[in-house]
Amino acid sequence: MNKSMKTRVLAALLLLLLWIPAASASVMVLVHGYLGDGQSFHRAGVVDALTAAGWHYGGDWHPAPDGRVRLADDNGTGERTVYTVTLPATAPLALQADWLTAMRREAEGRHSGEPITLVGHSAGGVVGRLALVRGGQGAVEHLITIASPHLGTERALQALQATNGGGMFGPFRRILTRQALGGSNYEAIRQSQALLVDLAPPHRGNLLGWLNGQEHPEITYDAVVRNTGFRMGGDILIPAWSQDLNQVPALRGRATVIPSPLKHGLEAGDATVILERIAARTG
């Protein structure tokens, strides 16, 4: 961990010690965003901050080659256990949601009768919501989304257009995009075409158009909305109104919105917000 990361983690821990009451026994599942993995919350310092606040890190759920769910770094369970997941981050959202449902069911098997809080960053928040609609509520009692594109993002359409090789100027556009992004990033976007379509703004016939009109479970919904001063608010990737769960027709008026001055990426300070919201629900 570099010096800057250590400073952010220590600052988050101080806030936790000063302001956050102990949460009741529970399970937390952290869901990464686009091109992330099970290490995303570790790299940001979120897991370190949560474990310092009394949560036990149980390991990372991931798909195994045999088509089943496996737990890497199995550390057993504690009074309050937090897990990460590694989903196929370039796959369509429905496939990611189905894997998350399988992982949630495995967690339920290890923690019978305990409530689960899902925390999704960026596209992971949409995956968490889709999993609840497609796979059922199960033991989930709380969904926290952080900078999630619930009403899509024009950036997804821009990425699709930038990597489109069709038309007279398609080959030149692809060359320029590859040079600007670098080969590995360009190929990752090319492999994410179906996912990017899923993250397009909702309209009749696309995934978000369908999802946002579906009945959602009667659980607690919290939306952490990034706002860094861009026009209409929000961060560089997702406008504030798209991050706001109350703008989803099926959830209008049911969510608590938590403004955040941070940029789009995860930060250690997100642990403070997560534990505040869990304490608000259980207190």
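Residue numbers start at 1 and run along the sequence shown. It should be emphasised that the depicted structure is a prediction, and the values quoted were computed from it without experimental measurement.
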Checklist entry - Looking only at heavy atoms, which two atoms of Leu266 and Ser40 are closest? And how far apart? => result CD1-O, 4.1 Å
Next on the checklist: Could you see if Val126 belongs to whatever hydrophobic cluster contains Val257? Use Ile, Leu, Val, Met, Phe, Trp, Tyr and a side-chain cutoff under 4.5 Å.
Outcome noted: no
Checklist outcome for this item: Scanning both residues in full, the closest heavy-atom pair of Tyr57 with Thr84 reads OH-OG1, 2.9 Å
Checklist entry - Which atom names give the shortest non-hydrogen contact between Ala91 and Gln96, and what distance separates them? => result O-NE2, 2.9 Å
Checklist entry - Are there more than 12 heavy atoms of other residues, nucleotides or ligands under 6.0 Å from atom CZ of Arg204? => result no
Next on the checklist: Once rounded to the nearest 0.5 Å, what's the spacing between atom CG of Leu207 and atom CG of Leu93?
Outcome noted: 5.5 Å
Item to check | Exercise: identify the closest heavy-atom pair between Leu71 and Gly59 | outcome: CD1-C, 3.6 Å
Checklist entry - What about Met103 and Val133, same hydrophobic cluster or not, with Ile/Leu/Val/Met/Phe/Trp/Tyr joined at side-chain heavy-atom distances under 4.5 Å? => result yes
Next on the checklist: The test is side-chain contact (heavy atoms from CB on, under 4.5 Å); show your working for Asn206 and Val197 and say whether it passes.
Outcome noted: CA-CA 8 Å; Asn206 76 353; Val197 170; 5.6 Å; no
Checklist entry - For the side-chain hydrogen bond (donor to acceptor under 3.5 Å, both in side chains) test, which of Ser260, Ser148, Ser122 pairs with Arg226? => result Ser260
Checklist entry - Under 3.5 Å, side chain of Gln214 to main-chain N/O of Ala250, donor-acceptor pair present? => result no
Next on the checklist: Could you report the tightest heavy-atom contact between Gly128 and Leu118, atom names first, then the distance?
Outcome noted: O-CD1, 4.1 Å
Checklist entry - After noting the C-alpha distance and the side-chain angles of Arg70 and Glu106, does the key distance pass the salt bridge (charged side-chain N to carboxylate O under 4.0 Å, His left out) rule? => result CA-CA 9 Å; Arg70 293 284 184 262; Glu106 290 291 330; over 6 Å; no
Next on the checklist: Side chains of His111 and Tyr83: any donor to acceptor distance under 3.5 Å?
Outcome noted: yes
Checklist entry - Can you tell if the side chain of Asp98 reaches within under 4.5 Å of the side chain of Leu130, non-hydrogen atoms only? => result no
Checklist entry - Heavy-atom distance under 4.5 Å between the side chains of Leu151 and Leu208, does that happen here? => result no
Next on the checklist: For Thr77, is there any backbone N or O sitting under 3.5 Å from a side-chain donor or acceptor partner on Thr81?
Outcome noted: no
Checklist entry - Hey, are Asn212 and His150 close enough side-chain-wise for a donor-acceptor pair under 3.5 Å? => result no
Item to check | Derivation and outcome, side-chain contact (heavy atoms from CB on, under 4.5 Å), residues Thr256 and Arg277 | outcome: CA-CA 9 Å; Thr256 299; Arg277 299 316 305 162; 3.5 Å; yes
Checklist entry - Would His42 and His32 count as a close aromatic pair, with their ring centres under 6.0 Å? => result no
Next on the checklist: Is the shortest side-chain heavy-atom distance between Val248 and Arg129 below 4.5 Å?
Outcome noted: yes
Item to check | Side-chain heavy atoms of Ile278 within contact of Trp55, under 4.5 Å | outcome: yes
Checklist entry - Rounded to the nearest 0.5 Å, how far apart are CD of Gln243 and OG1 of Thr145? => result 8.0 Å
Checklist entry - At what distance, to the nearest 0.5 angstrom, does CG of Asp222 lie from CD1 of Ile274? => result 10.5 Å
Checklist entry - Rounded to the nearest 0.5 Å, how far apart are CG of Leu35 and OG of Ser192? => result 5.5 Å
Next on the checklist: Is there a salt bridge (charged side-chain N to carboxylate O under 4.0 Å, His left out) between Asp37 and Arg43? Walk through the geometry before answering.
Outcome noted: CA-CA 10 Å; Asp37 57 25; Arg43 288 189 291 266; 3.2 Å; yes
Checklist entry - Would Arg155 and Asp235 pass as an ion pair if we require N to O under 4.0 Å? => result no
Checklist entry - Does the ring center of His121 lie less than 6.0 Å from the ring center of Tyr34? => result no
Checklist entry - How about Arg80 and His56: does a side-chain donor come under 3.5 Å of a side-chain acceptor? => result no
Checklist entry - Considering only heavy atoms from C-beta outward, does the side chain of Ile116 approach that of Met28 to under 4.5 Å? => result no
Checklist entry - Counting N and O atoms only, with roles assigned by atom type, does the side chain of Ser242 sit under 3.5 Å from a partner on the main chain of Ile238, one being a donor and the other an acceptor? => result no
Checklist entry - Taking a hydrophobic cluster as the set of Ile, Leu, Val, Met, Phe, Trp and Tyr residues connected by side-chain heavy atoms closer than 4.5 Å, whether directly or through intermediates, do Val225 and Ile144 fall within one such cluster? => result no
Item to check | Residue pair Val85, Phe41: steps toward the side-chain contact (heavy atoms from CB on, under 4.5 Å) verdict | outcome: CA-CA 10 Å; Val85 301; Phe41 287 86; over 6 Å; no
Item to check | Straight-line distance of His142 NE2 to Ser26 OG, nearest 0.5 Å | outcome: 9.5 Å
Checklist entry - How long is the gap from CD1 on Ile219 to CZ on Arg281, to the nearest 0.5 Å? => result 9.5 Å
Item to check | Verdict with supporting geometry, Thr220 and Arg254, side-chain contact (heavy atoms from CB on, under 4.5 Å) | outcome: CA-CA 8 Å; Thr220 301; Arg254 292 170 57 185; over 6 Å; no
Item to check | Close side-chain approach of Pro201 to Glu154, heavy-atom, < 4.5 Å | outcome: yes
Item to check | Any Val140 side-chain heavy atom under 4.5 Å of Thr117 side chain | outcome: no
Checklist entry - Closest approach of Pro149 and Ala123, non-hydrogen atoms and distance? => result CD-N, 3.9 Å
